[in-house]
Each structure stands twice: as C-alpha cells, then as structure tokens.
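Take a look at the structure below.
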Number of protein chains: 2
Amino acid sequence: MGFMIAQRAFIKLYMITLVEKHRGYGYQMLEELKQDFKALGYEPPQSEIYRSLHDLVEDGILYRTRHRKLDVDYQEVIMYHFTDDGMEKARLYKKLVKEDLDRCQALLHKAVKDNF
Amino acid sequence: MGFMIAQRAFIKLYMITLVEKHRGYGYQMLEELKQDFKALGYEPPQSEIYRSLHDLVEDGILYRTRHRKLDVDYQEVIMYHFTDDGMEKARLYKKLVKEDLDRCQALLHKAVKDNF
DNA sequence: TTATGAACAGACTGTTCATCG
DNA sequence: CGATGAACAGTCTGTTCATAA
C-alpha cells in the first residue's frame with residue numbers, strides 16, 4: 001500500500017456507488033464525476049474511469065452487458081452490474097477503502113497541525 | 001500536479017519545519033518522524049527523507065554543512081540550514097503545500113460523504 | 001460527438017545495495 | 001550500529017492515439 005490513497009481506489013469506490021445507484025456506463029459516470037468535482041478543481045481522467053471499471057470486472061465484482069442507446073444513433077454502451085457475490089465483495093472492498101480514507105485524513109490533519 | 005499530495009512534498013514540508021526548529025540532520029529527523037507517525041501506521045522511508053533534503057538544497061532553500069558528532073566516534077553528519085533567501089522561499093513553498101493539503105482534505109471528505 | 005480502449009512515457013516510491021567510521 | 005546516498009524495479013497515472021457508430 002502506498003503513502004496516500006491511489007486515484008484508482010478512489011475512483012473504484014465511486015464506480016461501485018454509481019452502480020449501486022444504477023447509473024450505468026463509463027462515459028456517463030465520467031461526465032457525472034467531472035461535473036461533481038469541478039468545484040474542487042479535480043477532473044478525473046477518462047483513462048482512470050475505464051481502468052477502474054476493468055479492474056472491478058477482474059475483481060469479480062462487476063460484469064458487463066452491451067446495450068444500444070435508443071435516442072440518437074443506437075450508440076453502443078457497456079453497462080455494469082454486480083455479479084452474484086459482487087455486492088458482498090464490494091462491501092468488503094469499500095470497507096478497506098474507508099479505512100484507507102480515514103488513515104489519509106489522519107495524516108493530512110496531522111500535517112496541518114504540525115506545520116502550520 | 002497529481003491526484004493526491006506526493007509523499008515527497010509531504011516530507012519536504014516536515015523537513016522545513018524541523019530545520020526551523022533547529023533539528024539538524026537527516027537520520028535524526030528520520031527517527032523523529034518514524035516515532036511521531038508510529039501511531040498512525042505510517043513509517044516514512046529513509047530514502048524519501050534524503051531525497052527530500054536533496055530537493056530542498058536544489059530548490060535553493062537549504063544548504064549543507066558537515067559536522068562531526070562529539071559523542072561516540074566522531075561520526076560525520078550533514079546539517080541543514082536556510083540559505084539567505086531560503087526562509088522566504090520556504091514560506092512560499094509551504095503556502096503551496098498548504099493549498100494542496102486543503103484540496104486533498106476536501107477530496108477525501110467528499111469521498112466519505114458520497115460513498116458512506 | 002459520444003463511447004470505449006490501449007499504448008506510451010514519465011513521475012513516484014519502496015526495497016535493496018553500497019559506503020564509511 | 002549510525003549515517004548518507006544511489007540504484008533498481010515496479011506501480012501509478014496523464015497524455016496521446018486508435019477505433020467505431
């Protein structure tokens with residue numbers, strides 16, 4: 001494990017939550033997160049979104065289905081869903097990430113206290 | 001700039017503060033930080049301490065002097081001090097790092113709020 | 001343009017190795 | 001062992017390129 005939480009873990013966490021909320025495919029999640037983080041000056045890179053989703057499939061948490069959007073020109077999209085034991089695995093993963101987030105917050109808080 | 005604050009910047013910040021407090025040389029600072037962070041489960045790696053000090057010298061913030069300890073066997077140590085404009089440069093650097101720390105804290109706080 | 005993916009290059013960093021008294 | 005430094009290897013990640021409808 002690294003010093004600070006990795007961007008990958010951070011985004012995987014959001015991907016899980018978005019799939020829980022039935023927000024479906026990569027590009028949409030990317031745009032949603034971009035909008036969501038705009039105020040904080042953070043723009044999640046496209047590649048990290050897809051890499052995170054691929055990771056979660058490799059982890060056995062999500063699986064993919066192909067769909068065609070009905071609106072414009074039947075653009076193909078990849079939707080993500082929990083596997084049979086995906087929710088349980090996701091719960092464990094989120095627990096780990098939560099611990100990491102807490103650890104990082106403690107480090108940052110200490111750094112501010114010690115140096116300012 | 002990366003997603004989270006780099007360990008390097010984090011440690012450089014501490015190095016500056018320790019030099020402000022006239023705590024002198026690398027190994028000593030390493031041991032002090034190790035002790036200091038033990039409770040948080042973080043052990044700053046030796047290499048990062050020296051790399052950070054070398055960075056600060058390259059940045060023109062610190063300069064080095066050689067000394068021999070009088071206690072045991074005249075072990076040579078490298079002491080660090082602010083250059084003429086080092087304190088001013090350090091002030092600017094610390095300001096940048098503070099902004100980065102704040103940004104990271106905001107991201108972590110949002111992640112906890114959004115996903116838990 | 002929307003949507004997905006991969007390749008590439010560079011930064012960051014943990015471990016190990018080297019040196020010296 | 002105390003003290004400093006560098007090398008190496010692997011991971012992480014931002015940018016760019018590719019492809020397709």
Side-chain angles (χ1 to χ4, degrees), chain A residues 1-13 15 18 23-35 37 41-58 62-80 97 100 104 107, chain B residues 1-13 15 18 23-35 37 41-58 62-80 97 100 104 107:
Chain A
M1 200 190 309
F3 164 64
M4 281 280 126
I5 189 169
Q7 186 175 203
R8 186 75 49 84
F10 188 91
I11 291 180
K12 282 172 79 172
L13 176 65
M15 295 297 103
L18 287 172
R23 307 282 170 71
Y25 60 100
Y27 193 87
Q28 205 176 29
M29 302 196 220
L30 172 63
E31 293 304 317
E32 187 169 337
L33 288 191
K34 269 188 188 173
Q35 198 57 35
F37 281 105
Y42 168 58
E43 180 166 321
Q46 175 252 74
S47 54
E48 282 301 313
I49 300 290
Y50 290 113
R51 276 194 279 240
S52 296
L53 288 169
H54 300 165
D55 269 15
L56 288 168
V57 171
E58 265 194 40
L62 301 181
Y63 72 94
R64 306 151 43 104
T65 57
R66 293 164 184 278
H67 293 268
R68 292 199 173 276
K69 286 170 70 177
L70 298 174
D71 51 1
V72 190
D73 52 358
Y74 295 92
Q75 172 92 45
E76 191 176 78
V77 296
I78 310 279
M79 303 284 291
Y80 289 88
V97 177
D100 209 17
C104 292
L107 283 178
Chain B
M1 199 192 308
F3 163 64
M4 281 281 126
I5 189 170
Q7 187 175 202
R8 187 76 48 83
F10 187 89
I11 291 181
K12 282 171 77 172
L13 175 65
M15 295 297 102
L18 286 172
R23 307 282 170 72
Y25 60 98
Y27 193 86
Q28 204 175 31
M29 302 195 220
L30 172 63
E31 293 303 317
E32 187 168 336
L33 288 191
K34 269 187 187 174
Q35 198 57 35
F37 281 106
Y42 168 58
E43 179 165 321
Q46 175 251 75
S47 54
E48 282 301 313
I49 300 289
Y50 290 114
R51 276 194 279 238
S52 296
L53 287 169
H54 300 165
D55 269 16
L56 288 167
V57 170
E58 267 194 39
L62 301 182
Y63 70 95
R64 305 151 44 105
T65 56
R66 294 165 183 278
H67 293 268
R68 292 199 173 276
K69 285 171 68 179
L70 300 174
D71 51 0
V72 190
D73 51 358
Y74 294 93
Q75 172 92 44
E76 192 177 78
V77 295
I78 311 279
M79 303 285 290
Y80 289 87
V97 176
D100 209 17
C104 292
L107 283 178

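We name chains A, B, ... by the order of the sequence lines, and we start the count at 1 in each one.
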How large an angle, rounded to 10°, do the end axes of the helix from C/dT1-D/dA21 to C/dG21-D/dC1 enclose when each is built from five base pairs?
30°

Within the structure shown, what part of the strands sits under 4.0 Å from [X] by heavy-atom distance: base, sugar-phosphate, or nothing?
{"X": "B/R68", "value": "nothing"}
{"X": "B/Q46", "value": "base"}
{"X": "A/R66", "value": "nothing"}

So where does chain B start and stop touching DNA chain C, 5' to 3', when the test is distance under 4.0 Å to a non-hydrogen atom?
C/dT13 to C/dG21

Test salt bridge (Lys or Arg N to Asp or Glu O under 4.0 Å) applied to B/E76 - qualifying residues, sequence neighbours left out
B/R66, B/R68

Counterpart residues, salt bridge (Lys or Arg N to Asp or Glu O under 4.0 Å), relative to B/R64 (two or more places apart):
none

Protein N or O to nucleotides 10-13 of chain D N or O, pairs below 3.5 Å:
unit_1, atom_1, unit_2, atom_2, d
D/dT13, OP1, A/Q7, N, 2.7
D/dT13, OP2, A/R8, N, 3.3

Taking for A/G2 and for A/G26 the nucleotide of DNA chain C with the nearest heavy atom, the one nearer the 5' end belongs to A/G26

With rounding to the nearest 0.5 angstrom, report the SG to CD1 distance, B/C104 to A/I5.
11.5 Å

Please identify each residue that fulfils side chain to side chain donor-acceptor pair (under 3.5 Å) with [X], with sequence neighbours left out.
{"X": "B/Q28", "value": "none"}
{"X": "B/H67", "value": "B/T65"}
{"X": "A/E43", "value": "none"}

Whole-Å distance between [N] [atom2] and [X] [atom1]?
{"X": "A/L30", "N": "D/dG14", "atom1": "CG", "atom2": "P", "result": "13 Å"}
{"X": "B/H67", "N": "D/dT4", "atom1": "NE2", "atom2": "P", "result": "12 Å"}
{"X": "A/Q75", "N": "D/dA20", "atom1": "CD", "atom2": "P", "result": "13 Å"}
{"X": "B/E31", "N": "D/dA3", "atom1": "CD", "atom2": "C1'", "result": "10 Å"}
{"X": "A/I49", "N": "D/dG14", "atom1": "CD1", "atom2": "P", "result": "11 Å"}

Test ring-ring contact (aromatic ring centres under 6.0 Å, His included) applied to B/F3 - qualifying residues, sequence neighbours left out:
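With neighbours one apart ignored, the set is A/F10, A/Y42.
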
ring-ring contact (aromatic ring centres under 6.0 Å, His included) filter on B/Y27, not counting sequence neighbours, yields none

Can you list the steps and then say if B/E48 with B/R8 is a side chain to side chain contact (heavy atoms under 4.5 Å, CB included)?
CA-CA 7 Å; B/E48 282 301 313; B/R8 187 76 48 83; 2.9 Å; yes

Which residues pass the side chain to side chain contact (heavy atoms under 4.5 Å, CB included) test with B/L53, not counting sequence neighbours?
B/M15, B/M29, B/I49, B/L62, B/Y80

From CA spacing to verdict: side chain to side chain contact (heavy atoms under 4.5 Å, CB included), A/M4, A/L107:
CA-CA 9 Å; A/M4 281 280 126; A/L107 283 178; 3.9 Å; yes

For B/Y27 and D/dT4, is the shortest distance between a side-chain N/O and OP1 or OP2 below 4.0 Å?
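Answer no for this pair, as no side-chain N or O of B/Y27 is under 4.0 Å from OP1 or OP2.
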
